[in-house]
Amino acid sequence: MKKHIEAAKAVAVKVNGEFKDFQSLESIDPQSTVELVNPESKEGKEIYRHSTSHIMAHAVKELFPDVKFAIGPAIDEGFYYDFDRAEPFTPEDLEKIEKKMKEIIKRNNPFVRKALPKSEALDLFSKAGEDYKVQLIQDIPDETVSLYEEGGFTDLCRGPHLSRTGKVKAFKLLSIAGAYWRGDEKNKMLQRIYGTAFFTKEDLKAYLDFLEEVRKRDHRKLGKELDLFSLSEDIGPGLILWHPNGAIIRKTIEDFWREEHLAADYKLLFSPHIAKLNLWQRSGHWDFYRENMYSPMEIDEVAYEVKPMNCPFHIDIYKSSMRSYRELPLRYAELGTVYRYERSGVLHGLLRVRGFTQDDAHIFCREDQIEGEVLDILDFTLFILKTFGFENYDIYLSTRPEKYVGTLENWERATNALKQALEKKGPAYMVDPGEGVFYGPKIDIKIKDVLNRAWQCSTIQVDFNLPERFDTVYRGSDGKDHRPIMIHRALMGSLERFFGILIEHYAGIFPLWLSPVQVAVLTISEKQDGYAGEIFKAFRKAGIRTEINLENEKIGYKIREATLKKVPYLVIIGDKEAAEGKITVRKRNGENIGPFTTDEFIRIIEEEIQTKSNK
RNA sequence: GCCCAUGUAGCUCAGUCGGCAGAGCACUUCCUUGGUAAGGAAGAGGUCACCGGUUCGAUUCCGGUCAUGGGCUCCA
């Protein structure tokens, strides 16, 4: 009996480890091992969503017979299908398509698999004018291809599929977007419809609620509401203006960062925003990174470049005097502002910009010191990230890309050094082949925010190449010159991007130590102006970011205003407080605490700020 | 860069089938001195993103530019 229930829920079967339709069981070798595919498994969801994608294609075919079909796979959170149609789809079309899909699901037609020799399939689809399918078939190496038919709609597909359309219980079409055929901008732009599907209406609702939560936390929206930053048409796309509220948060982050770097035995540097083009030619950036660099500018007939990276400056400082092996590892850190060309279409709030400040550092060391340095950096990174409330990570090791400088041997050594450090430290990590930077392999740490979304921030890169190019040396114990290794690393990545992630992570409700305004003093009536002014001064004097509201408004109004600004503590001053020489405090969540004396409360707050509590 | 959508007051948005534009909030002033998320009244505020075209007349229609948004790496 239990088996029957499972079979009814299962989306497909796995025969000898291969995913198949239920249909395939009819002609199965009795010796085979058969497993049911659990709907909650990754593959189960994929099959379910893929079938939903087919149902969408079918609906589109019925509604818009002139459409040509490209591809329609399942993706992480749903599915899409790419169509070629002269007219653009509208949001109203999506509603029509959804309606039609519901009809098709109700018809509960079976998905029927047919295997066909390639030549026949080619014939079939070229007659139907399905150019994209023809191209797809031509690229399939096998001799036979499979088709799936459901209610008169046939599509090229590897499968497997659900047994019937009626198995789809909850789906939603989400958006329309342009997408190049095969992701290549040289190809025609198709219309992509995104959707998602779940096994139950509850799961679908939970997902749609999640999307709503993401919208609510959008850093661009909160950035405006909380007056943190802006972009201006007059300044230029991808260039951030930090408003006072954002700037004070940045300053707090920077202070913390500098203190911790000094404590970790880094030296702080500052370097200019431009340098001679020659420098970038020598570093290799001009050859390997030019597509991200701006056009040179001419100063006194010499070409200069706005910097896309800080490394050559740090190397120059390193080289400004003789270095002994005794000085290594030498750790140079800078909050260095760089400018990189990003295509206009990829710019996105604070998360993808053209000018940003890296929390950069370059460590010059001997080869035998790499592993130890990388281990220290990993610890340091996790400590910094934890302070901002990020405790979950995915770690990646990125290897040599297609465009690279340096010898294969050096790449090998550098990659091994990173690998060994990771293995010694012990966290699970994944390999990202070909995703390294042109000058060396790297470890990337992707942090997970409260909504469990992954963001890449931290990066650790080993570099044998720049020291070579700049003929960087240190004097060894043997009295000879040796080549140091350089490690590039950033913990937060860029302050702009990290700030954007922080805003979304905290939904704008920053912990006290980061809050732009930490305390708001609110009076009941103007009778308390004098007493409230003294309180305000005392907080300010204690270094607490405090504002006072003496407006001619009722207390309810003042509380609302401060609450919308997400001020952590509201100090309420009325006749009672003035008479007793105390204060009453309302927390951001509406809870009232106190009464306290001003000194008592300052001590409480100072403690919370100092510990950088994340609550 | 490309496809689609959007651009109206500081913010959120309505509106004009072509006849020189509106709301709420915010802002200013006045009244109110009120104890935990919006007290009342009045006022000020816009080259309807920008440039050009069509028209007697354009914020509205057409073209271009700029900016913003959703995407363009998930491979039948």
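Values below: every heavy atom of this structure, side chains too, minus hydrogens, waters and symmetry copies.
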(message) Please give the distance between the P atoms of U59(B) and A9(B) as a whole number of Å.
(response) 15 Å
(request) Tell me what I140(A) touches on the nucleic acid: a base, only sugar-phosphate, or nothing, going by heavy atoms under 4.0 Å. (result) base
(request) For the side chain of Y194(A), starting at C-beta, report the closest nucleotide among G34(B), C74(B), C72(B). (result) C72(B)
(request) Rounded to the nearest angstrom, tell me the gap between atom CG in L116(A) and atom P in A76(B). (result) 18 Å
(request) May I ask you to verify if any side-chain N or O of Y557(A) is less than 4.0 angstrom from the OP1 or OP2 atom of G40(B)? (result) no
(request) Among A76(B), G35(B), U36(B), find the nucleotide with the atom closest to the side chain of E577(A). (result) G35(B)
(request) Establish, with yes or no, whether the OP1 or OP2 oxygen of G1(B) is under 4.0 angstrom from a side-chain nitrogen or oxygen of R343(A). (result) no
(request) Ignoring backbone atoms, test whether S344(A) places a side-chain nitrogen or oxygen under 4.0 Å from the OP1 or OP2 oxygen of G1(B). (result) yes
(message) Looking at R340(A), is its backbone amide N or carbonyl O close enough to the side chain of R354(A) to form a donor-acceptor pair, meaning the two atoms are under 3.5 Å apart?
(response) no
(request) Using Watson-Crick or G-U wobble geometry with both distances below 3.5 Å, tell me the partner of U68(B), or none. (result) A5(B)
(request) May I ask you to verify whether the side chain of Y180(A) and the base of G1(B) hold a donor-acceptor pair under 3.5 Å? (result) yes
(message) Let's test this: given Watson-Crick or G-U wobble pairing with both distances under 3.5 Å, identify the partner of G18(B).
(response) none
(message) Pair F69(A), Y132(A) - check ring-ring contact (aromatic ring centres under 6.0 Å, His included), show working.
(response) CA-CA 7 Å; F69(A) 295 82; Y132(A) 301 100; 9.8 Å; no
(message) In this structure, how many angstroms lie between the P atom of G34(B) and the CG atom of L550(A), rounded?
(response) 16 Å
(request) Using the P atom on both, measure A67(B) against C62(B) and round to a whole Å. (result) 22 Å
(message) Under 4.0 Å, counting only non-hydrogen atoms across every strand here, what does G574(A) touch: a base, just sugar-phosphate, or nothing?
(response) base
(request) Could you tell me whether the phosphate oxygens of U68(B), OP1 or OP2, come under 4.0 Å of any side-chain nitrogen or oxygen in R220(A)? (result) no
(request) Could you please name the option among C72(B), A76(B), G35(B) that lies closest to any side-chain atom of T584(A)? (result) G35(B)
(request) For G70(B), take OP1 and OP2 only and decide whether either is under 4.0 Å from a side-chain N or O of H348(A). (result) yes
(request) For the pair H161(A) and H50(A), name the ring-plane relationship: parallel under 30°, tilted 30 to 60°, perpendicular over 60°. (result) tilted
(message) A cation-pi test, strictly: NZ or CZ of R85(A) under 6.0 Å from the centre of the six-membered ring of F89(A) and no more than 45 degrees from its axis. Yes or no?
(response) yes
(request) Take atom P in G45(B) and the same atom in A38(B), then report the distance between them in whole Å. (result) 31 Å
(request) Among C3(B), C72(B), U36(B), find the nucleotide with the atom closest to the side chain of M189(A). (result) C3(B)
(message) Can you identify which nucleotide, out of G39(B), U36(B), C3(B), has its nearest atom closest to the I572(A) side chain?
(response) U36(B)
(message) Can you check the distance between A14(B) and U54(B), where both ends of the measurement are the C1' atom (answer in whole Å)?
(response) 28 Å
(request) Return the nucleotide paired to U59(B): Watson-Crick means purine N1 to pyrimidine N3 with N6-O4 or O6-N4, wobble means G-U with N1-O2 and O6-N3, both under 3.5 Å. (result) none
(message) Without decimals, in angstroms, what is the distance between I555(A) CD1 and G35(B) C1'?
(response) 7 Å
(message) If you compare every side-chain N and O of Y569(A) against the phosphate oxygens of U36(B) (OP1, OP2), does one of them come in below 4.0 Å?
(response) no
(request) Classify the ring geometry between F111(A) and H54(A) as parallel (under 30°), tilted (30 to 60°) or perpendicular (over 60°). (result) perpendicular
(request) Classify the ring geometry between F438(A) and F288(A) as parallel (under 30°), tilted (30 to 60°) or perpendicular (over 60°). (result) parallel
(request) Report the residue (G345(A) or K576(A)) whose heavy-atom-nearest nucleotide on RNA chain B is the more 5′ of the two. (result) G345(A)
(request) Please check if the side chain of Q461(A) supplies one atom and the backbone of I443(A) the other of a donor-acceptor pair under 3.5 Å. (result) no
(request) Look through every strand shown and name the nucleotide pairing with C74(B) as Watson-Crick or G-U wobble, where both distances are under 3.5 Å. (result) none
(request) For D139(A), report the nucleic acid contact type (base, sugar-phosphate, nothing); a contact means any heavy atom under 4.0 Å. (result) nothing
(request) For T90(A), report the nucleic acid contact type (base, sugar-phosphate, nothing); a contact means any heavy atom under 4.0 Å. (result) nothing
(message) Heavy atoms from C-beta onward define the side chain here; which of G71(B), A37(B), G34(B) lies closest to that of K527(A)?
(response) G34(B)
(message) Between G35(B) and Q528(A), counting only base atoms on the nucleotide and side-chain atoms on the residue, is there a donor-acceptor pair under 3.5 Å?
(response) no
(message) I need the OH-P distance between Y81(A) and A76(B), as an integer number of Å.
(response) 11 Å
(request) Using whole Å, report how far CD of E233(A) lies from P of C50(B). (result) 10 Å
(message) Taking the C1' atom in each of C25(B) and G35(B), what is the distance between them to the nearest angstrom?
(response) 25 Å
(message) Check this one for me: any side-chain N or O of K224(A) less than 4.0 Å away from OP1 or OP2 of U12(B)?
(response) yes
(message) Taking A58(B) as the reference, what is the distance to G1(B) when you measure between their P atoms (whole Å, please)?
(response) 31 Å
(request) Hey, could you give me the CD/CD distance between E577(A) and E580(A), rounded to the nearest 0.5 Å? (result) 7.0 Å
(message) Let's see if you can work this out: which of G1(B), A76(B), U33(B) has an atom nearest to the side-chain heavy atoms of C157(A)?
(response) A76(B)
(request) Would you kindly compare E185(A) and E561(A) by the position of their nearest RNA chain B nucleotide and give the one closer to the 5′ end? (result) E185(A)
(request) Measure from the side-chain N and O atoms of K118(A) to the backbone N and O of I140(A), and report whether any donor-acceptor pair falls under 3.5 Å. (result) yes
(request) Round to the nearest Å and state the distance from N549(A) atom CG to A37(B) atom C1'. (result) 14 Å
(message) Students often get this wrong, so: under 4.0 angstrom with heavy atoms, is L564(A) touching a base, only sugar-phosphate, or nothing?
(response) base
(message) Looking at A37(B), I'd like to know if its phosphate oxygens (OP1 or OP2) sit under 4.0 Å from a side-chain N or O belonging to R586(A).
(response) yes
(request) Tell me what D155(A) touches on the nucleic acid: a base, only sugar-phosphate, or nothing, going by heavy atoms under 4.0 Å. (result) nothing
(message) Using a heavy-atom cut-off of 4.0 Å across all strands, would you classify G78(A) as base, sugar-phosphate, or nothing?
(response) nothing
(message) Going by purine N1 to pyrimidine N3 plus the second Watson-Crick contact, or the G-U wobble pair, all under 3.5 Å, which nucleotide sits opposite C27(B)?
(response) G43(B)
(message) Work out how far the P atom of G63(B) is from that of G24(B), and round it to whole angstrom.
(response) 36 Å
(message) For the P atoms, the ones on G70(B) and on C13(B), what distance do you get once it is rounded to whole angstrom?
(response) 15 Å
(message) Does E291(A), at its CD atom, have more than 12 non-hydrogen atoms belonging to other residues, nucleotides or ligands within less than 6.0 Å?
(response) no
(request) Calculate the interatomic distance between L347(A) atom CG and C66(B) atom P; express it in whole Å. (result) 14 Å
(request) May I have the distance from E553(A) (atom CD) to C30(B) (atom P), rounded to whole angstrom? (result) 14 Å
